[in-house]
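Beneath this line is the structure, given in structure tokens, with notes to follow.
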Amino acid sequence: MSDLRWQKSSFSGSNEGGSCLELALGADDTRHLRESDDPSITITTTAAKLRAFILGAKAGEFDHLL
């Protein structure tokens with residue numbers, strides 16, 4: 001996974017070492033997510049599943065977990 005190009009949200013700010021979610025595009029429609037403060041742990045999923053998760057989060061489907 002060292003060849004992945006990780007992208008951080010512009011909302012993360014410019015502070016180095018801050019806890020930010022990073023996303024990388026992989027081969028064969030895969031998407032990789034990691035936290036910048038612990039980049040050794042990654043989650044791999046498909047574009048469709050990531051899209052469904054993001055739409056669910058925006059719709060408040062996970063608000064009860066907060």
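Numbering of residues begins at 1 and proceeds along the displayed sequence.
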query: Does R31 have any side-chain hydrogen bond (donor to acceptor under 3.5 Å, both in side chains) partners at least two apart in sequence or in another chain, and if so, which?
result: none
message: Checking Q7 now: which residues fulfil side-chain hydrogen bond (donor to acceptor under 3.5 Å, both in side chains) with it, not counting sequence neighbours?
response: none
task: Under the side-chain hydrogen bond (donor to acceptor under 3.5 Å, both in side chains) rule, collect the residues that match up with T46, sequence neighbours excluded.
output: none
Just list the side-chain donor-acceptor pairs under 3.5 Å for residues 52-66, sequence neighbours left out, or say none.
| unit_1 | atom_1 | unit_2 | atom_2 | d |
| --- | --- | --- | --- | --- |
| H64 | ND1 | E61 | O | 3.4 |

- request: Calculate, to the nearest 0.5 Å, the distance between atoms CZ and CD belonging to R34 and E22 respectively.
  value: 4.5 Å
- request: With sequence neighbours excluded, tell me which residues meet side-chain hydrogen bond (donor to acceptor under 3.5 Å, both in side chains) with D28.
  value: none
- request: Spell out, yes or no, whether L25 and L50 are grouped together once hydrophobic residues are joined by side-chain heavy atoms under 4.5 Å, including indirect joins.
  value: no
field: Side-chain heavy atoms of T42 within contact of L4, under 4.5 Å
entry: no
message: Distance alone, cut at 3.5 Å: any donor-acceptor contact between the side chains of T44 and H32?
response: yes
task: To the nearest 0.5 angstrom, please state how far the CD1 atom of I43 sits from the NZ atom of K49.
output: 12.5 Å
message: Taking C20's backbone N and O only, do any of them form a donor-acceptor pair with S36's side chain (distance below 3.5 Å, no angle check)?
response: yes
field: Shortest non-hydrogen separation from P39 to D37 and the atoms involved
entry: CD-C, 3.7 Å
task: Mind checking the CG-CH2 spacing from L33 to W6? Nearest 0.5 Å is all I need.
output: 7.0 Å
